[in-house]
Chemist: 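Next up is a structure, given as structure tokens.
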Amino acid sequence: GENVEQHPSTLSVQEGDSAVIKCTYSDSASNYFPWYKQELGKRPQLIIDIRSNVGEKKDQRIAVTLNKTAKHFSLHITETQPEDSAVYFCAASGGGADGLTFGKGTHLIIQP
Amino acid sequence: EAGVVQSPRYKIIEKKQPVAFWCNPISGHNTLYWYLQNLGQGPELLIRYENEEAVDDSQLPKDRFSAERLKGVDSTLKIQPAELGDSAVYLCASSPPGGPTYTGELFFGEGSRLTVL
């Protein structure tokens with residue numbers, strides 16, 4: 001089955017700086033790569049996703065890049081703000097309704 | 001539109017007791033998932049339903065866990081008997097039928113936090 005590795009487990013950045021979280025996956029058949037944000041005690045919520053036919057996708061301050069050859073994808077957050085503090089999970093799936101395999105999460109801390 | 005609804009939000013039981021969690025997915029979502037989330041970890045799939053059929057239960061510990069989705073809508077996840085290591089958050093999620101507009105997004109409930117003493 002799919003295996004998703006996520007790094008770092010904790011990331012602390014100064015407010016206004018950029019943050020980058022990286023993930024690798026094992027199954028070359030995976031073609032859908034979402035990122036979820038989970039605030040303390042809340043449900044995971046989708047913030048951005050990318051499919052394997054696209055190399056990069058951007059939505060305001062967040063962007064995701066995908067390297068299919070290397071089987072890795074990354075989340076980039078620019079101009080970080082206090083409300084960006086949360087746990088971020090990457091995930092991968094073979095598409096359809098297969099279900100997602102999640103990474104272990106990155107605790108992003110925005111320092112004032 | 002209501003999101004995925006789960007109950008109870010919190011449950012504290014003693015080991016060896018049974019416990020059940022209930023999930024009502026978003027209307028029209030035929031795929032339902034139960035995930036287990038341990039503290040500081042990512043969600044791990046326990047079981048996936050397509051309508052009333054369990055199409056992937058390979059990660060469900062069947063000696064003590066069971067699940068059902070009798071009418072293809074609501075679902076119940078049961079643990080009997082509970083063990084100390086079962087303390088975790090049990091997340092339910094749903095997704096709509098596939099098709100041209102299907103994005104792959106999973107919609108999660110708030111979760112049921114279980115503490116086994």
Side-chain angles (χ1 to χ4, degrees), chain A residues 1-10 21 23-25 29-54 57 59 64 66 73 75 86-109, chain B residues 2-7 9-10 23 25-26 28-51 53-60 72 88-113:
Chain A
E2 177 64 275
N3 182 50
V4 177
E5 299 284 342
Q6 182 171 349
H7 300 280
S9 57
T10 304
I21 302 170
C23 288
T24 60
Y25 62 99
S30 289
N31 59 11
Y32 175 63
F33 307 93
W35 288 87
Y36 282 77
K37 176 182 180 183
Q38 187 175 31
E39 297 177 359
L40 189 63
K42 299 290 183 65
R43 71 187 78 195
Q45 292 193 298
L46 180 72
I47 56 171
I48 195 167
D49 56 13
I50 193 168
R51 294 196 175 273
S52 57
N53 58 347
V54 176
K57 185 176 178 180
D59 182 4
V64 57
L66 171 65
F73 56 113
L75 177 71
V87 179
Y88 291 80
F89 294 98
C90 62
S93 86
D98 288 350
L100 298 170
T101 300
F102 286 84
K104 293 187 182 299
T106 296
H107 185 192
L108 177 62
I109 301 166
Chain B
V4 177
V5 179
Q6 291 188 244
S7 68
R9 288 292 314 278
Y10 305 92
C23 174
I26 292 173
H29 284 196
N30 64 324
T31 307
L32 184 145
Y33 313 78
W34 283 102
Y35 279 86
L36 165 71
Q37 187 174 27
N38 286 303
L39 187 64
Q41 301 293 315
E44 300 171 36
L45 182 67
L46 289 173
I47 190 167
R48 172 167 66 94
Y49 282 94
E50 295 286 346
N51 299 305
E53 182 182 0
V55 295
D56 183 359
D57 63 355
S58 57
Q59 300 304 310
L60 189 72
V89 175
Y90 292 84
L91 289 165
C92 180
S94 69
S95 63
T101 60
Y102 178 65
T103 63
E105 180 177 359
L106 265 59
F107 296 82
F108 284 90
E110 295 282 8
S112 294
R113 181 177 296 276

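Every chain is numbered from 1 and lettered A, B, ... according to where its sequence line falls, protein lines coming before strand lines. From a predicted model like this one, the values you see are computed outputs, not experimental measurements.
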Chemist: Could you tell me if B/T31 and B/E50 have a donor-acceptor pair between their side chains, going purely by distance under 3.5 Å?
Modeler: yes
Chemist: Out of B/A93, B/G109, B/G111, which one racks up the most heavy-atom pairs below 4.5 Å with chain A?
Modeler: B/G109
Chemist: Could you list which of residues 34-41 of chain A have a heavy atom closer than 4.5 Å to any heavy atom of chain B, in residue-number order?
Modeler: A/Y36, A/Q38, A/G41
Chemist: So which of A/P44, A/G105, A/A91, A/G103 has the biggest tally of heavy-atom pairs under 4.5 Å with chain B?
Modeler: A/P44
Chemist: Does the side chain of B/S95 come under 3.5 Å of the side chain of B/Y33 through a donor N or O and an acceptor N or O?
Modeler: yes
Chemist: Are more than 12 heavy atoms, taken from residues, nucleotides or ligands other than B/Q59, located less than 6.0 Å from that residue's CD atom?
Modeler: no
Chemist: Go through the side-chain N and O atoms of A/T106 and A/Q6 and say whether any donor and acceptor fall under 3.5 Å apart.
Modeler: yes
Chemist: Would a distance-only check, ignoring hydrogens and angles, find a side-chain to backbone donor-acceptor pair under 3.5 Å from B/D56 to B/S58?
Modeler: yes
Chemist: Before accepting this row, confirm whether a basic side-chain N of the pair A/K57/A/D49 lies closer than 4.0 Å to the acidic partner's carboxylate O.
Modeler: yes
Chemist: Side chain, backbone, both or neither: which part of B/Q37 has an atom under 4.5 Å from a heavy atom of chain A?
Modeler: side chain
Chemist: Report the residue from B/C23, B/S112, B/P43 that forms a side chain to side chain contact (heavy atoms under 4.5 Å, CB included) with B/L91.
Modeler: B/P43
